[in-house]
Number of protein chains: 2
Amino acid sequence: MAAADASRDRVFAAAATAFAAHGFAGTSVDRIAHAARLNKAMIYYHFRNKAELYREILRDMFGAVGARAGAVAASNRPPADKVREFIDTFATEAEARPHFPPIWFREVAEGGPHLDDATLGDMTGVLKSLASIIEEGVRAGAFCPISPLLVHAGIVGPVLLFFASAGIRRRVERSGVRGAATLTRGEVVAHVQRVTLGLLEGRT
Amino acid sequence: MAAADASRDRVFAAAATAFAAHGFAGTSVDRIAHAARLNKAMIYYHFRNKAELYREILRDMFGAVGARAGAVAASNRPPADKVREFIDTFATEAEARPHFPPIWFREVAEGGPHLDDATLGDMTGVLKSLASIIEEGVRAGAFCPISPLLVHAGIVGPVLLFFASAGIRRRVERSGVRGAATLTRGEVVAHVQRVTLGLLEGRT
DNA sequence: GTCTATAAATAGATAGAC
DNA sequence: GTCTATCTATTTATAGAC
């Protein structure tokens with residue numbers, strides 16, 4: 001945290017950005033070092049190797065999202081508010097860590113070979129938190145019983161796709177689709193909240 | 001197509017599987033050759049280089065989906081049926097080409113650096129076809145006007161996530177989430193159809 | 001903590017025999 | 001069409017000076 005760790009933080013940030021843009025295999029240690037304005041040897045001074053650096057980024061990412069989702073589920077509010085908050089929180093975390101949506105997509109595509117059990121537990125915790133919110137709503141008579149996996153996919157899929165696709169959407173806009181690049185975070189969150197609650201409250 | 005092309009097809013299939021599992025950078029030409037039961041030099045006999053092989057897989061994938069989405073939009077049926085068919089067709093293509101959801105995710109995560117303009121056009125065509133279906137429904141008084149980008153994300157996000165996450169869902173199931181691995185294609189398609197039509201027909 | 005230099009392995013791509 | 005052998009560049013990782 002002190003000045004002693006400044007270079008370690010630069011490595012961490014540069015690596016997160018590079019891994020998001022080019023993937024684990026597509027990112028060389030040299031590239032990370034250069035982006036962090038450091039020499040390659042410094043990477044190995046701070047981290048055991050490239051894989052360990054990558055895993056630390058995954059832990060930070062899934063740990064934060066898992067914890068915040070758990071806090072929402074444990075809070076003291078009506079189920080419908082918790083669902084709204086779950087979606088908004090998820091979007092907030094995705095926005096605060098721009099590397100998070102691309103890396104989540106890549107890990108899913110790959111089957112998660114870099115995910116250790118604890119980190120997979122954080123990922124699973126997001127799903128379990130959502131499941132507990134739904135269960136609570138069903139017990140309270142506010143929600144219909146719907147598979148948490150489907151609800152989860154209906155939230156996580158669109159939100160991650162929105163944040164991860166900013167680059168492609170700019171190209172799509174240029175090729176003639178009006179509004180592709182100007183879609184905002186607020187519109188997406190409001191839309192997903194509306195669709196999810198409509199579903200859970202049986203208005204569909 | 002004849003026996004002369006058998007080895008080319010094996011390269012194509014092996015490459016699609018490997019690129020889906022490990023990404024472009026994470027897949028070596030040697031690995032593809034081995035999976036195709038051929039020598040590395042044969043890859044270069046059939047394809048100019050690794051990037052050109054990858055691009056051909058992208059073209060095949062997005063070309064097929066783009067064409068089928070266009071056919072659904074152009075068909076002669078009520079808008080609500082077209083929406084159902086659009087979703088089912090998208091899932092069918094994703095299932096027929098198991099490499100397609102992971103590769104789509106990776107391309108989105110990367111910003112599509114491997115996508116040439118024609119292929120990006122096919123990807124955009126999927127969105128445009130959906131937009132034309134929605135517009136038709138609005139004109140007919142059957143649909144509310146909703147941003148095609150949001151509807152698109154609500155379909156493509158969950159469906160791709162479902163197919164791409166089979167590996168992770170098996171691990172999640174083992175770590176205690178019942179039903180994570182046994183969710184079926186039919187359940188997902190029916191769910192997305194229901195949510196999407198509920199939204200478009202204003203029952204939400 | 002930070003660097004240069006380098007080892008050792010692996011990658012993409014080609015030449016040329018059969 | 002298919003192979004072996006090889007060239008060249010790049011990559012991860014380490015040794016050791018400052």
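Hydrogens, waters and symmetry mates play no part in the numbers below; they use all other heavy atoms, side chains included. Throughout, a chain's letter reflects where its sequence line sits, starting with A, and its residues are numbered from 1.
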*Asks:* Take A/F47 and A/Y54 through the ring pair (Phe, Tyr, Trp, His ring centres under 6.0 Å) test and state the conclusion after the steps.
*Replies:* CA-CA 10 Å; A/F47 301 90; A/Y54 185 68; over 10 Å; no
*Asks:* Quick one: B/H46 NE2 to C/dA13 P, roughly how many Å, whole number?
*Replies:* 16 Å
*Asks:* Taking atom P of D/dT10 as reference, at what distance in whole Å does atom CZ of A/R31 sit?
*Replies:* 13 Å
*Asks:* Mind listing the closest non-hydrogen atom pair of A/F105 and A/L161 along with its distance?
*Replies:* CZ-N, 3.6 Å
*Asks:* Expressed as a whole number of angstroms, how long is the span from A/D30:CG to C/dA5:C1'?
*Replies:* 13 Å
*Asks:* Does B/S28 put a side-chain nitrogen or oxygen below 4.0 Å from OP1 or OP2 of C/dT10?
*Replies:* no
*Asks:* Which label fits A/F62 and A/F100: parallel for a plane angle under 30°, tilted from 30 to 60°, or perpendicular past 60°?
*Replies:* perpendicular
*Asks:* What's the CG-C1' distance between B/L53 and C/dA13, to the nearest Å?
*Replies:* 14 Å
*Asks:* Of the candidate nucleotides C/dT2, D/dA13, C/dA13, which contains the atom at the shortest distance from the side chain of B/K40?
*Replies:* C/dA13
*Asks:* How many Å lie between CE on A/M42 and C1' on D/dC18, as a whole number?
*Replies:* 14 Å
*Asks:* Quick one: label B/L38 by what it contacts on the DNA or RNA (base, sugar-phosphate, nothing), any heavy atom closer than 4.0 Å.
*Replies:* sugar-phosphate
*Asks:* Rounded off to whole Å, could you give me the CZ-to-P distance for the A/F24 and D/dT12 pair?
*Replies:* 8 Å
*Asks:* Is it true that atom CZ of A/R31 has more than 12 heavy atoms of other residues, nucleotides or ligands lying nearer than 6.0 Å?
*Replies:* no
*Asks:* For the side chain of B/A41, starting at C-beta, report the closest nucleotide among C/dT14, D/dT12, C/dG12.
*Replies:* C/dT14
*Asks:* Has A/Y44 got a side-chain N or O lying under 4.0 Å from the OP1 or OP2 atom of D/dT14?
*Replies:* no
*Asks:* What is the distance from CG of A/N49 to P of D/dA13, rounded to the nearest Å?
*Replies:* 5 Å
*Asks:* A/N39 has an atom CG; how far is it from atom C1' of C/dT2, in whole Å?
*Replies:* 8 Å
